[in-house]
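Chain naming here is simple, since letters A, B, ... match the order of the sequence lines and numbering starts at 1 in each. Everything numeric in this text was worked out from a predicted model, so none of it was measured.
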Amino acid sequence: MLDFIILFLTVGIPLSSALLLASLGETVNQRSGVFNLGCEGIMSMGAFVGMLIPFLVGGSGKVAWYVNLSGLVAAAAVGALLGLLFGVVVIRFSAPQGIAGIGMQLFATGLAGSLYRHFIGGAQGVAGIDALPIPFLCDLPIVGKMFFSCNPMVYFAFLMVPVVHYLLFKTPWGLRVRACGTMPRAADSMGIDVSRTRYQALAFGSAMAGLAGAYLSVCYAKIFTDTLIGGRGFIAVALVYFGRWSPVGVLGGALLFSLAQALQLAVQAYGFSSFPYEFLVMLPYILVVVVLVFVGKSKHVGPAMLGKAFNREMRT
Amino acid sequence: MSTPITSLRIEHITKRFPGIVACSDISLSVGKGEVLALVGENGAGKTTLMNILMGLYTPDEGKIYINNKEVVFKSPGDAFACGIGMVHQQYMLVPNLTVTENIALGLSKMKTDGKGEGRLARLKRAAKLDLDAVRRQIVAISGHYGLAVDPDAAIWQLSVGEQQRVELVKTLCFGAKFLILDEPTSALTPQETDELIALLKRMSAELSIIFISHKLAEVKALSNKVAILRGGKLVFRGNTADHSAADIAALMTGHEVYLPVNQSSRKPGEPMLEVSNLFVRGDRGNMVLNKLNLTVRAGEIVGLAGVSGNGQRELAEALTGLRPIDSGEVLLDGVRLTGKSPKQIIAQGMGYVPEERNVEGIVPSMSIRENLVLKDIAKPPFSVGGLIRNRKITENADAMREKFDIRCSGVGVAAGSLSGGNIQKVILAREINRGPKFLIAVYPIRGLDLGAAEFIHKQLLALRDSGVGILLISEELEEIINLSDRIAVIFKGQIQRTLGHGEATQRKLGMMMAGVKEI
């Protein structure tokens with residue numbers, strides 16, 4: 001049984017990292033009043049760009065490390081650029097965010113697939129980034145294997161939870177972001193540039209989505225496919241609601257979802273054939289829906305003006 | 001920070017919006033320690049003018065001078081830097097932040113723009129939000145002006161009056177030497193209004209103030225200069241003391257205004273609405289109406305006075321079937337309404353002018369003519385055999401437009417595009433035209449200008465004279481005293497006391513609304 005639990009967690013925690021990175025980024029987006037359904041597409045572009053650089057440059061040892069790192073940085077940068085592009089559409093031109101987001105998703109997913117065929121093609125993988133056991137801690141019984149023998153990006157993803165929390169709730173920038181999402185008119189009347197703040201939040205959030213994609217291609221699967229992201233971008237958006245726009249809540253959501261998925265994989269691996277695994281495959285999705293039904297609905301928590309374009313001279 | 005403002009002058013300000021000229025060639029000036037009242041009806045351009053002064057809108061033409069130096073405001077930040085601060089009609093506070101966070105929000109922006117600050121200090125400021133310093137500043141300012149605020153309360157937990165104090169403290173924390181107040185009393189209770197006026201009088205010793213209002217009592221009480229706007233043009237400037245409220249009202253509307261008063265002492269008829277031992281729950285599940293008893297006769301206006309939040313909304317919703325009744329009895333002309341659906345209650349002859357006219361009163365995206373037949377669309381002549389008769393609907397709308405003076409470019413335009421007064425006329429036309437036995441009117445003139453208010457009041461009185469019973473729910477004591485045959489005071493979900501016409505004074509009502517039973 002203990003083996004089962006260890007397996008279950010060692011599978012689940014890496015699974016949660018991509019979701020965690022993407023939904024933390026989306027949390028910042030939404031706090032500023034913009035929801036980005038294009039997250040899935042941006043992750044796809046991040047996955048492609050993140051892997052392209054190590055694929056083209058290659059290298060080994062220390063060099064490979066730097067090459068991989070620059071792949072991640074490039075993925076974040078491309079993510080941020082796509083976020084700004086999305087910003088131009090929904091902030092500058094006030095396009096409806098839901099539709100623009102779907103457009104961004106289709107565009108970026110398609111672009112990533114086409115570029116992949118052009119530059120890489122076929123099912124070719126990369127060496128990617130390997131797990132980085134933390135000295136001493138990884139030798140601890142049980143927890144060492146579960147928590148301290150992970151990929152560096154997994155540590156990074158979990159580290160981002162307190163970082164994003166601090167950013168949103170302890171810095172003037174975070175205060176501005178929250179104000180722009182809840183009552184942009186008030187923020188504007190106090191001299192805050194609502195558009196600029198939203199662009200900044202979008203750039204940050206989309207960079208995180210790019211990183212989340214690169215994590216999947218460079219650290220997790222070590223390969224790119226058209227379906228690599230597999231709906232994680234949309235799940236990430238749902239997890240933000242699930243977590244009530246709080247980084248800690250989002251962490252809970254990402255873990256719950258990923259562990260439910262890991263349970264299913266672990267059950268299959270252990271071959272409890274008497275139980276139809278199809279039900280377990282459904283489990284994470286059912287869980288998200290069920291929890292969303294019961295989650296607190298207080299209207300004083302989240303960004304009240306989420307999804308609404310702001311135009312100062314629009315007469316209301 | 002900023003140098004004191006000894007004079008503020010605007011010259012030839014013009015601002016156009018698509019289809020209308022909101023401000024046309026307006027020039028004004030305010031000196032040190034002056035209080036200027038800017039009055040005018042809704043849509044006269046007052047708020048637009050002030051938004052220009054705050055840098056929220058850019059004027060198409062015209063200039064602003066402070067201390068005889070021209071200034072150009074590109075954003076509110078520029079106006080703050082010159083010491084101008086504005087309290088908007090709709091409060092500019094972020095509801096899910098605390099008082100301190102709201103004020104820090106504006107301050108953070110101003111300080112990062114400050115010059116002569118080291119790079120390290122700037123970085124420190126950007127990395128950590130210093131709420132303690134802001135809290136200290138709030139406490140200092142609220143102590144100095146006697147504005148009680150709790151720095152750690154979240155805005156959504158505060159009452160409207162408290163939020164307004166937060167707005168004032170915020171503006172002062174930003175270093176305002178010159179205050180602009182946009183209809184500061186429109187959402188306040190009578191007591192809060194008196195407190196605010198006293199406060200502003202004290203503050204005017206140290207600051208210049210422009211305040212926008214269309215309540216002439218306040219204008220007379222507070223201002224020493226008055227400027228009147230009508231249709232985007234400045235029609236009058238002068239000293240307040242030299243002109244009576246009636247003069248100002250006439251200039252504001254362009255004609256003599258007389259708010260109708262209920263004078264006839266005709267005998268009311270049989271009881272039309274009888275409410276006994278009514279218990280109703282509020283949105284949070286607590287009992288909001290506690291054994292409420294009330295009778296309104298045919299041909300009688302009963303004014304329900306009370307501070308909002310004492311069960312008025314719940315009473316109106318319970319009577320119209322929009323809110324379930326816990327226990328108790330409601331009879332309309334002898335027929336039980338308890339447990340009936342809104343549709344059945346409407347069929348019994350209940351008319352309703354709801355509190356939120358844009359949300360409950362009309363469907364804003366639908367045309368005026370459609371809104372006028374919303375309650376009768378399933379019946380001839382407006383539909384026959386399940387098919388809509390557009391010609392009849394248009395004829396009806398044209399007649400209503402004439403009769404109720406609904407000012408619009410055509411009955412096919414969206415009802416939501418009308419001004420508040422005209423929306424209220426559409427609602428009233430619909431309800432009256434159905435020939436109701438009873439009408440519930442909730443805050444019927446809230447936010448309306450004098451001309452529209454006059455019209456609505458005349459209609460209500462005419463309806464009463466035709467034998468309809470009316471329940472008038474309002475916080476405006478003047479309105480209640482002017483119109484009502486009897487006045488019932490509601491407090492904590494019960495009728496505190498009922499006063500006859502002529503028995504009630506503003507002072508007496510004000511005290512009873514605050515819970516004093518015997519005076």
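- By the ring pair (Phe, Tyr, Trp, His ring centres under 6.0 Å) test, A:Tyr241 pairs with A:Trp245, sequence neighbours left out.
- Heavy atoms closer than 4.5 Å to chain A are found in the backbone of B:Lys74, but not in its side chain.
- Every pair passing side chain to side chain donor-acceptor pair (under 3.5 Å) that includes a residue from residues 160-173 of chain A is listed here, sequence neighbours excluded: A:Trp173-A:Gln200.
- Interface residue B:Asn102: backbone and side-chain heavy atoms are both found under 4.5 Å from chain A.
- For B:Leu97, the part lying near chain A is the side chain, with the backbone staying farther off; criterion is any non-hydrogen pair under 4.5 Å.
- When each of B:Lys170, B:His88, B:Met86 is scored by its heavy-atom pairs under 4.5 Å with chain A, the top score falls to B:Lys170.
- Although no hydrogens or angles enter the test, the distance criterion places no donor-acceptor pair under 3.5 Å between the side chain of B:Glu360 and the main chain of B:Arg357.
- By the 4.0 Å N-to-carboxylate-O rule, B:Arg16 lies close enough to B:Glu61 to be salt-bridged with it.
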